[in-house]
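Okay, structure first, notes after.
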Amino acid sequence: MEIAALVDRTVGAGWRADDVLTAIIELADNHALMLATNADLEAALSILRKRP
């Protein structure tokens, strides 16, 4: 519901709905990549911390 409201507000402000949805998808994709990168980094650091 909140995403639909966001799209409605941005369309009301003059954005095209497809541009808004594309931006939301790109933000979500970048966020997912960041989470995956952080998890990989944490795993690598955990391995390094266990080394003597």
Side-chain angles (χ1 to χ4, degrees):
M1 296 299 267
E2 290 185 34
I3 291 176
L6 173 64
V7 172
D8 288 342
R9 285 193 311 272
T10 56
V11 168
W15 287 61
R16 290 183 12 197
D18 59 329
D19 290 335
V20 174
L21 295 172
T22 298
I24 291 170
I25 291 167
E26 287 183 24
L27 287 168
D29 188 45
N30 286 337
H31 189 72
L33 291 171
M34 183 225 25
L35 292 175
T37 299
N38 284 348
D40 290 346
L41 181 58
E42 285 297 324
L45 288 172
S46 175
I47 292 168
L48 291 173
R49 287 184 188 119
K50 291 179 184 176
R51 288 187 180 173

How many angstroms lie between [atom1] in [X] and [atom2] in [Y], if you round to the nearest 0.5 Å?
{"X": "Leu41", "Y": "Met34", "atom1": "CG", "atom2": "CE", "result": "12.0 Å"}
{"X": "Leu45", "Y": "Asn38", "atom1": "CG", "atom2": "CG", "result": "10.5 Å"}
{"X": "Asn30", "Y": "Leu35", "atom1": "CG", "atom2": "CG", "result": "11.0 Å"}

Test log, rule side chain to side chain contact (heavy atoms under 4.5 Å, CB included), inputs Glu26 and Thr22: CA-CA 6 Å; Glu26 287 183 24; Thr22 298; 3.5 Å; yes

After noting the C-alpha distance and the side-chain angles of Arg9 and Leu6, does the key distance pass the side chain to side chain contact (heavy atoms under 4.5 Å, CB included) rule? CA-CA 5 Å; Arg9 285 193 311 272; Leu6 173 64; 3.7 Å; yes

What are the two closest heavy atoms between Ala17 and Val7, and how far apart are they?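 Minimum heavy-atom separation between Ala17 and Val7: CB-CG1, 4.4 Å.
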
Are Val20 and Leu27 grouped together when hydrophobic residues (ILVMFWY) are joined by side-chain heavy atoms under 4.5 angstrom apart?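 Cluster IDs for Val20 and Leu27 differ.
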
Any residue meeting side-chain hydrogen bond (donor to acceptor under 3.5 Å, both in side chains) with Arg16, in chain and number order, not counting sequence neighbours: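 side-chain hydrogen bond (donor to acceptor under 3.5 Å, both in side chains) list for Arg16, sorted by chain: Asp18.
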
